[in-house]
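Quick note on labels: first sequence line is chain A, next is B, and so on, each numbered from 1. We use all heavy atoms of the structure for the numbers below, so side chains are in, but hydrogens, waters and symmetry mates are not.
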Amino acid sequence: MDSLNDLQRQRREKMDKLIDMGINPYAYSFDRTHFADDTIKEFEKTGDETAEVSLAGRLMAIRRMGKAAFVHLMDSTGRIQIYIKKDIVGEEAYSMFKLTDLGDFVGIKGRLFRTRTGEITVQAQHVEMLAKTLRPLPIVKEKLEGDEKLVYDAFADKETRYRQRYIDLVVNPEVKQIFLKRSHIISAMRRYLEGRGYIEVETPVLQPVYGGALARPFVTHHNTLDMSLYLRIADELYLKRLVVGGFDGVFEIAKDFRNEGMDKDHNPEFTMMELYVAFEDYTFMMDLVEQMTSNLCQEVMGSMLLPFGDDMLDFTPPWPRKPYLKAIEEATKYDLSGKSEDEVRAIARSLKLNVDDVKGLGNLLDQIFSEFVEPTLIQPTFITDFPIELSPLAKKHRKHAGLTERFEGFVARMELCNSFSELNDPVDQRERFENQAKLKAQGDEEAMVVDEDYLRSMEYGMPPTAGLGMGIDRLSMILTNSQSIRDVILFPQMRPERNKENN
RNA sequence: GAGGGUGUAGCUCAGCUGGUAGAGCAACGGCCUUUUAAGCCGUGGGCCCUGGGUUCGAGCCCCAGCACCCUCACCA
């Protein structure tokens, strides 16, 4: 333990002194009756100075003045000031209190009053040590200047914040708010879907054949079966098997894993909501996305108008719906409908895109779309009718050859969701899989593999079905005005820490 | 994977042209029984990210590496 710095050593010494005084620095429980914010609100209403309150939390500010002190106690609801006076709490409790540090958990019992400066404060009758901290917490100081909150010495180092989220949460209240919002988003979404009668299910994370998306998987190994298993990249193929099995509406909210790059909107594991509804098509799903998302905005954020970066997003339905090729045409002036791969490649080149390594018509179109259309999609927008090459699980468009009945919802230049009228023709599906297999053979690592059991299930008959996948992390980013996915994932993926301290 | 940036005390940051390592807050000691980012006086605290090199001498210059951030590429 010679790696301890002075601050840590001092805290250990204080803990030893507490033990010498017969005080257990780690209490077993504390009988609390109040939380900080309720206590303050209640007192504002009643002004009752006789009511007894009992609170527990961390010491976040200590102002000692000899035989008395003001401290701020923070619990899960907020902060409240405590006044601790030696004459009242007694000699013994006060000596214990002298051994407290910022960050320690204490329990307080007392009565409320208002100080000269007007702050509602607990006059402590009783103080109790509940848990000693051995490491110093970063001290963030704040001052209210009118409506503005000035923060001094903010704990801002992103690396430490992400690696040691527990500190971030204690010290930066707005961080906690974001994760409370995220939790609220998920529960409200679940309630919405259940309210429509859909059933939440769980499907395998470990899959012998991965599928349902174009992506590279993580591979793992099962010892007893002595076989490779893949961490799912999507829930899709299992959920559709359940539609075959007779579920009219199923959804799953779960982690998917993709072995690909990381950046401000990609984490290797991320949360996806997938939903499948029998006897419906993609137009139904557009309506549902619009309604569900705008409901979430209203319920969680209290508005359908939400700021994101420099933009103001308006989620009020209906959202514009624009066909994929039309969007490209508007952005580039080129009508690509019915064009061959060579023609599209030539056009891409004339648009100054480097497409030498891009294989296949679908990927060429995708390049053009990502480059010229996606960056313009700020307000919630549905892009519809994607090329068939990009959509191996979507049903052919009922009117337009070469296209599928698929849409993606874009918000703030990000793809938020992906949906289609599900391909339920097993003969067509087999051909699509085989095309994917060809791409894979040509070296496309993201191409799909043929899933024979999935094809078999479809041969038993799958009803017409509308399917949807929505990224929960991105939805959380958009609703909470977070510019990085790492700000809405509690423990984002990081490289292992170098072994500075061996614990 | 490519380019740029950052890395100094528990936190936030200075550190000149290479010459013994600095501030505020926090901590410790003393005084202080209604204070509030911050009372007053005093004290301690550093593998300057790591490893090499240049130099009489490196926090600073050079080389290599590590971590994180930003942009780009791939993906949701």
rA26(B) and rU20(B), which share atom name C1', separated by this distance in whole Å: 27 Å

Integer angstrom distance from the P of rG42(B) to that of rG24(B): 11 Å

Near-ring test Phe420(A)/Phe407(A), centroid separation under 6.0 angstrom: no

Sugar-phosphate only, base, or nothing, as touched by Ala154(A) at under 4.0 Å among non-hydrogen atoms: sugar-phosphate

Side-chain N,O (Lys85(A)) to OP1/OP2 (rU34(B)) below 4.0 Å: no

Pairwise C1' distance for rC25(B) and rC69(B), with rounding to whole Å: 25 Å

Lys132(A): which of Ile19(A), Leu99(A), Asp101(A), Ile23(A) passes side-chain contact (heavy atoms from CB on, under 4.5 Å): Asp101(A)

Minimum-distance nucleotide (side-chain atoms of Phe70(A) versus rU35(B), rU36(B), rG10(B)): rU35(B)

Sugar-phosphate only, base, or nothing, as touched by Arg486(A) at under 4.0 Å among non-hydrogen atoms: sugar-phosphate

Charged tip of Arg165(A) within 45° of Phe491(A) ring normal and under 6.0 Å: no

Among rA76(B), rC11(B), rC28(B), the nucleotide that comes nearest once only the side chain of Pro138(A) is considered: rC11(B)

Donor-acceptor contact present, side-chain Asp487(A) to main-chain Met477(A), <3.5 Å: no

Distance in angstrom units between Arg413(A) CZ and rU71(B) C1', rounded: 15 Å

Whole angstrom value for the distance that separates P of rA37(B) from CD1 of Ile62(A): 16 Å

Phosphate OP1/OP2 of rC74(B) contacted by Arg258(A) side-chain N/O (<4.0 Å): no

Atom P, compared across rA64(B) and rA73(B): separation rounded to whole Å: 27 Å

Touch class at under 4.0 angstrom, heavy-atom based, for Tyr162(A) against every strand present: sugar-phosphate

Geometric class of the Phe386(A)/Tyr324(A) ring pair [parallel <30°, tilted 30-60°, perpendicular >60°]: tilted

Which nucleotide in rC75(B), rU33(B), rU36(B) has an atom nearest any side-chain atom of Asp87(A): rU33(B)

Ion pair Lys395(A)/Glu422(A), N-O distance below 4.0 Å: no

Arg495(A) vs rC68(B): side-chain N/O to OP1/OP2 distance below 4.0 Å: yes

Watson-Crick or G-U wobble partner of rG57(B), both distances under 3.5 Å: none

Distance, rounded to the nearest Å, where Asp366(A) contributes CG and rA76(B) contributes C1': 12 Å

Minimum-distance nucleotide to Glu371(A) side chain [options: rA67(B), rA76(B), rA73(B)]: rA73(B)

Residues Asp48(A) and Arg111(A) bridged, charged N to O under 4.0 Å: no

Rounded C1' spacing from rG51(B) to rG30(B) in Å: 46 Å

Side-chain donor/acceptor contact of Asp263(A) with base of rC74(B) under 3.5 Å: yes

Spacing of Glu374(A) atom CD relative to rA76(B) atom P, expressed in whole Å: 9 Å

Residue-phosphate contact under 4.0 Å: Gln123(A) side-chain N/O, rU34(B) OP1/OP2: no

Nucleotide nearest Leu7(A) when distance is taken to its side chain, options rA37(B), rU36(B), rG10(B): rG10(B)

C1' atoms of rU17(B) and rA23(B), separation to the nearest Å: 23 Å

rC48(B): pairing nucleotide in any strand, Watson-Crick or G-U under 3.5 angstrom: none

Any Lys141(A) side-chain N or O less than 4.0 Å from OP1/OP2 of rA26(B): yes

Out of rU35(B), rA67(B), rU34(B), whichever nucleotide has its closest atom nearest the side chain of Gln81(A): rU35(B)

Comparing Lys86(A) and Leu137(A) on RNA chain B - which has the more 5′ nearest nucleotide: Leu137(A)

Partner nucleotide, any strand, of rG22(B) [Watson-Crick/G-U, under 3.5 Å]: rC13(B)

Sugar-phosphate only, base, or nothing, as touched by Ala69(A) at under 4.0 Å among non-hydrogen atoms: nothing

Pairwise 5' ranking along RNA chain B for Ala61(A) and Lys67(A), keeping only the more 5' one: Lys67(A)

Touch class at under 4.0 angstrom, heavy-atom based, for Glu408(A) against every strand present: nothing

Rounded distance in Å - CD1 (Ile167(A)) to P (rC11(B)): 8 Å

Nucleotide opposite rG42(B) in a Watson-Crick or G-U pair, distances under 3.5 Å: rC28(B)

Whole-angstrom distance between rC48(B) and rA9(B), as gauged at atom P: 9 Å

d(CZ, Arg9(A); P, rG45(B)) in whole Å: 11 Å

Phosphate OP1/OP2 of rC74(B) contacted by Arg216(A) side-chain N/O (<4.0 Å): no

Nearest-angstrom distance from the residue atom CD1 of Ile139(A) to C1' of rA37(B): 11 Å

Salt-bridge present (Asp385(A), Arg406(A); N to O < 4.0 Å): no

Nucleotide forming a Watson-Crick or wobble pair with rC74(B), both distances under 3.5 Å: none

Residues Lys240(A), Glu236(A): salt bridge by 4.0 Å N-O rule: yes

Ile485(A) CD1 to rA76(B) C1', straight-line distance once rounded to whole Å: 8 Å

Out of rG10(B), rA67(B), rU35(B), whichever nucleotide has its closest atom nearest the side chain of Arg116(A): rU35(B)

Sugar-phosphate, base or nothing in reach of Gln367(A), heavy atoms under 4.0 Å: sugar-phosphate

Test item: side-chain donor near acceptor, His266(A) and Gln493(A), under 3.5 Å: no

Inter-nucleotide C1' distance (rC32(B), rG15(B)), Å rounded: 36 Å

Arg63(A) side chain, from C-beta outward: closest of rA76(B), rU33(B), rU36(B): rU36(B)

Sugar-phosphate, base or nothing in reach of Met494(A), heavy atoms under 4.0 Å: sugar-phosphate

Sugar-phosphate, base or nothing in reach of Asn259(A), heavy atoms under 4.0 Å: nothing

Proximal nucleotide (of rC68(B), rA76(B), rA26(B)) relative to the Leu214(A) side chain: rA76(B)

Who pairs with rC68(B) - Watson-Crick or G-U, where each distance is under 3.5 Å: rG5(B)

Among rC69(B), rG44(B), rA26(B), the nucleotide that comes nearest once only the side chain of Asp6(A) is considered: rG44(B)

